[in-house]
Amino acid sequence: MNKIRVRFAPSPTGVLHIGSVRTALFNWLFARHNDGKFLLRIEDTDKLRSTEENTRSIFEILRWLEIDWDEEPVIQSGNIERHKAVAEELVTKGKAYYCYCSPEELAAKKEEALKAGKSYKYDGKCRGCSEKIAGTNPVIRLKAENEGKTTVNDMVQGEVTIDNSQMDDLVLLRSDETPTYMLSVVVDDHDMGVTHVIRGDDHLTNTFRQIQIYRACNWDVPKFGHIPLIYGPDGTKLSKRHGAASAQDYKMLGYLPEAISNYLLRLGWSHGDDEIITRKQAIDWFDFDNVGRSPSRFDMAKLQNLNAHYMRERDNRSLLDYLRPFLHSELSAEQERCILAGMDSLKERAKTILELVDAAQVYVGAPQTYDDACLKYATPQHMKLLDEVVTIVNSVQSLDEQDLCNRVKELAKDHGIKLVEIAQAIRGALCGHLVSPSVFEIMAILGREKTLERLNAYIRHYQK
RNA sequence: GUCUCCUUCGUCUAGGGGUCUAGGACACCGCCCUUUCACGGCGACAACACGGGUUCAAAUCCCGUAGGAGACGCCA
C-alpha cells in the first residue's frame with residue numbers, strides 16, 4: 001500500500017498568508033492522521049519576487065506553529081533543467097509543440113475576442129510545429145485534449161466536471177526556456193511522489209490543466225482537495241487592508257500559535273460541537289469529510305476568545321518568556337518576580353500577549369501619568385482616605401492581600417463609604433488608570449516600599 | 001463575458017428525509033458574582049437566500065432564479 005505523501009508549496013514572494021497557513025495545517029494534519037509524509041517545496045521560480053528572507057520566515061513561522069516537515073525541503077529552482085527536459089520530451093512525443101506566435105500577436109487576438117464578447121483561448125495556430133528553428137525563441141505549448149469532458153473527484157468539492165473544449169494549449173516552457181508554474185508543479189509533485197494535492201480553492205480550475213499535463217506525461221494523477229479561501233469581514237479575499245493577513249502579523253499582534261491553529265482548524269472544518277481542540281485531537285479527528293465547501297470569513301473576535309483561553313491555559317513562566325520580546329527593555333529580577341507573582345490575575349484579563357504586556361506594566365514601574373478618569377477618585381476626601389491607607393501600609397507587619405483587604409474594608413466602613421471609593425483611588429495611585437487586578441494583590445506583590453512611593457506620589461500630584 | 005464553485009443566526013458551524021417549535025461556539029444585550037476590569041454562572045436576541053418540483057413528510061433530494069467567490073498570463 002502506498003503511503004500518503006502531501007506537500008505544502010508556498011512561493012517565497014512574501015510572508016505567509018493566513019490562508020496559506022491553514023492550507024499547510026490541513027496538509028499536515030492529513031499526513032499525521034494517516035501516518036503519511038508532509039513535504040515542503042519552495043516555489044521560487046519567480047526570481048524577481050522571491051527572496052531568501054521570505055523563505056527563512058516561512059520556515060520560521062511553520063516551526064513556530066509546530067508544523068514540522070519530513071524531508072529536506074525541495075527548492076523548485078533547482079529542478080528547472082528537469083522541467084525543461086520534460087517539456088521537450090513532450091514535444092518529441094507529439095504531446096506538445098513549439099509556438100512562434102509573438103506576445104503582441106496574441107494580445108491582439110485576445111483583445112479582439114474580448115471585444116466580440118467571447119472568451120479568449122489560444123487558437124492553436126502553431127500546433128504543427130514540432131521543430132525548433134535555430135535562432136528563434138519559441139515557447140512550448142501543451143497540445144490539450146479538447147474533446148469530451150474531464151471529471152475530478154475532489155476530496156472537498158466532490159465531483160467537478162469541465163468540458164474539455166474549455167481547455168487551452170497552455171504554455172509549458174517560456175521563450176527564455178524557464179518552465180511555467182503549471183509544468184513545474186506537475187513535474188515536482190510527480191517526482192516527489194505526492195499522492196494528495198491539498199491546496200486553496202483558487203487552484204480548482206488549474207487542476208484540469210494540470211491533469212492534462214499528467215496525462216500527456218503518462219503519469220498517475222494524484223487526488224485533489226481544494227479548500228475554500230478565507231475572506232475578510234467584508235467577504236472579499238483577506239488582505240493586508242483588513243488589518244492583518246499574514247501569520248507574522250498575528251504573531252506580532254500577540255497571538256499564540258496554538259490559538260491560531262485551533263482557530264484556523266475550525267474555520268472550514270468541524271467535529272460536532274467541539275471548539276477547543278488539542279493538537280492530538282486534531283490529528284485523531286481530522287478528515288476531509290468534515291471540511292466545508294463554502295468560503296469563510298475571518299473573525300478576529302473569535303480568534304481573540306480562543307487566544308484568551310490558551311493564554312489562561314499556559315503556565316506563567318512560559319507566558320513571561322513570551323512577553324519578553326514585546327517589552328521595551330530587559331526585566332530586572334525584581335520585575336520578573338512581581339510579574340510572575342501576579343501572572344494568574346494578569347493573564348485572566350488579557351486576550352492577547354500585547355494586552356498582557358500592557359497589564360504587566362504595573363509591575364514594571366510606577367505610573368508616569370494618570371488617566372483623566374483618576375480625577376474622579378482624587379478629591380480631597382480621597383486624599384484623606386489614601387493618607388489612612390498609607391498609615392495602614394506602614395503599620396502592618398507584612399503586606400498580605402487578604403489582610404490589607406480586610407483593613408481597608410474596615411476603613412471604608414468607619415467612614416461610611418463604599419469600598420470602591422478607596423479601592424479605585426488606590427488603583428489610580430498604583431497603576432495610573434482604573435483597570436487592573438485586585439489592588440490588594442498588587443500592593444502585596446509590590447511590597448511596602450513601592451506601594452508607599454506610589455501612594456505618596458499620587459497624593460502629592462493631586463494635592464497641588 | 002465564459003467556465004467552475006459556494007449559499008443555515010452578525011460570524012464560525014451542527015444537521016446528511018421524519019427525533020428541527022433547527023443545536024453549539026464567538027460577538028452583542030440583560031442578570032448574578034464583585035474593590036475596577038476580567039473570569040465564572042444564568043438568561044435573552046438571532047438563521048435554513050428565493051421560486052418551483054419529488055415525497056405521506058424536505059434545512060436535508062432535483063430543477064430554476066438571485067447573490068457571492070474563484071479561474072480564464074510566457075504570475076505563482
Side-chain angles (χ1 to χ4, degrees), chain A residues 9-11 13 43-46 48-50 76 99 101 103 106-107 110 113-121 137-141 154 156-158 160-163 165-166 168 170-182 184-185 200-209 226 228-229 231 233 235-237 263 266-276 290 292-306 308 312 345-351 359 373 377 405 408-409 412 418-428 431 433-440:
Chain A
S11 59
T13 51
E43 306 209 324
D44 60 340
T45 49
D46 184 346
L48 282 177
R49 295 190 296 147
S50 300
Q76 188 160 63
C99 172
C101 298
L106 297 175
K110 189 171 180 176
L114 234 57
K115 218 182 278 174
K118 285 191 273 187
S119 72
Y120 169 75
K121 197 181 125 177
N137 298 304
V139 300
I140 292 180
R141 282 183 188 273
D154 194 272
V156 178
Q157 308 293 340
V160 183
T161 302
I162 198 173
D163 206 302
S165 63
Q166 299 294 321
D168 202 353
L170 67 267
V171 173
L172 297 172
L173 202 69
R174 300 186 190 105
S175 53
D176 65 357
E177 301 203 306
T178 59
T180 60
Y181 164 76
M182 291 295 168
S184 301
V185 222
D201 215 352
D202 47 344
H203 287 289
L204 186 57
T205 44
N206 283 337
T207 304
F208 295 93
R209 287 174 235 286
H226 289 92
L229 266 22
Y231 298 118
T236 65
K237 208 167 169 175
Y263 177 70
R266 276 290 289 107
L267 205 59
W269 177 86
S270 60
H271 184 266
D273 285 341
D274 295 304
E275 296 288 346
I276 304 293
N290 291 313
R293 303 180 184 203
S294 54
S296 36
R297 298 180 185 207
F298 198 90
D299 182 13
M300 192 77 102
K302 189 138 184 176
L303 207 213
Q304 279 198 355
N305 177 272
L306 277 169
R312 273 174 260 139
S345 306
L346 293 175
K347 70 183 179 187
E348 202 164 84
R349 291 167 169 75
K351 286 188 160 62
Y377 300 99
C405 183
V408 174
K409 271 181 178 163
K418 290 194 168 174
L419 178 59
V420 62
E421 292 296 325
I422 309 182
Q424 286 298 65
I426 298 174
R427 198 174 327 266
C431 314
H433 53 256
L434 300 181
V435 173
S436 81
S438 157
V439 291
F440 308 113

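Proteins get letters first, then strands, A, B, ... in listed order; numbering begins at 1 in each.
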Nearest heavy-atom neighbours spanning R141(A) and C99(A):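 So the minimum-distance heavy-atom pair works out to NE-SG, 3.3 Å.
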Select base, sugar-phosphate, or nothing to describe what [X] touches, counting heavy atoms under 4.0 Å on all strands.
X       : value
S184(A) : nothing
H203(A) : base
V139(A) : base
T13(A)  : nothing
N206(A) : base
C431(A) : nothing

Rounded to whole angstrom, note down the [atom1] distance from [N] over to [M].
N      : M      : atom1 : value
C45(B) : G64(B) : P     : 39 Å
C33(B) : A58(B) : P     : 49 Å
U11(B) : A71(B) : C1'   : 27 Å
U60(B) : C48(B) : P     : 12 Å
A44(B) : U36(B) : P     : 27 Å
A38(B) : C12(B) : C1'   : 24 Å
A49(B) : U13(B) : P     : 15 Å
A46(B) : U7(B)  : P     : 25 Å

Does the structure show a Watson-Crick or G-U wobble partner for [N], both distances under 3.5 Å? Name it, or say none.
N      : answer
C20(B) : none
G73(B) : none
U65(B) : A49(B)

Anything under 3.5 Å between a protein N or O and an N or O of nucleotides 61-64 of chain B, put it in a table, one pair a line.
none

Nearest-0.5 Å distance that lies between atom OG in S294(A) and atom CG in L229(A):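 Output value for this atom pair is 12.0 Å.
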Any chance you could list the contact pattern along [range]? Use B for base contacts, S for sugar-phosphate-only contacts and - for none, protein heavy atoms under 4.0 Å, 5' to 3'.
range                        : answer
nucleotides 7-12 of chain B  : S---SB
nucleotides 32-42 of chain B : ---BBBBSS--
nucleotides 15-21 of chain B : -------

Contact under 4.0 Å: N305(A) side-chain N or O vs A25(B) OP1/OP2: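 For A25(B), OP1/OP2 do not have a side-chain N/O of N305(A) under 4.0 Å.
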Please set out all donor-acceptor pairs under 3.5 angstrom arising from side-chain atoms of residues 419-427 of chain A, sequence neighbours excluded.
{"unit_1": "E421(A)", "atom_1": "OE1", "unit_2": "H382(A)", "atom_2": "NE2", "d": "2.8"}
{"unit_1": "Q424(A)", "atom_1": "OE1", "unit_2": "R427(A)", "atom_2": "NE", "d": "2.6"}
{"unit_1": "Q424(A)", "atom_1": "OE1", "unit_2": "R427(A)", "atom_2": "NH2", "d": "3.4"}
{"unit_1": "R427(A)", "atom_1": "NH1", "unit_2": "S436(A)", "atom_2": "O", "d": "3.3"}
{"unit_1": "R427(A)", "atom_1": "NH1", "unit_2": "S436(A)", "atom_2": "OG", "d": "2.9"}
{"unit_1": "R427(A)", "atom_1": "NH1", "unit_2": "P437(A)", "atom_2": "O", "d": "2.8"}

Minimum-distance nucleotide to M182(A) side chain [options: A76(B), C3(B), C5(B)]: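 Nucleotide nearest to M182(A)'s side chain: A76(B).
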Nearest-neighbour nucleotide for the E43(A) side chain, G70(B), C5(B), A76(B) considered: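 Side chain of E43(A) sits closest to A76(B).
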Set of residues satisfying ring-ring contact (aromatic ring centres under 6.0 Å, His included) with respect to Y181(A), sequence neighbours excluded: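 In terms of ring-ring contact (aromatic ring centres under 6.0 Å, His included), with neighbours along the sequence ignored, Y181(A) is linked to H203(A).
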side-chain hydrogen bond (donor to acceptor under 3.5 Å, both in side chains) partner of H226(A), the single match among T205(A), D201(A), D154(A):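 Of T205(A), D201(A), D154(A), side-chain hydrogen bond (donor to acceptor under 3.5 Å, both in side chains) with H226(A) is met by D154(A) alone.
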Between C5(B) (P) and D202(A) (CG): distance, integer Å: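 Taking atom P of C5(B) as the reference, CG of D202(A) is at 16 Å.
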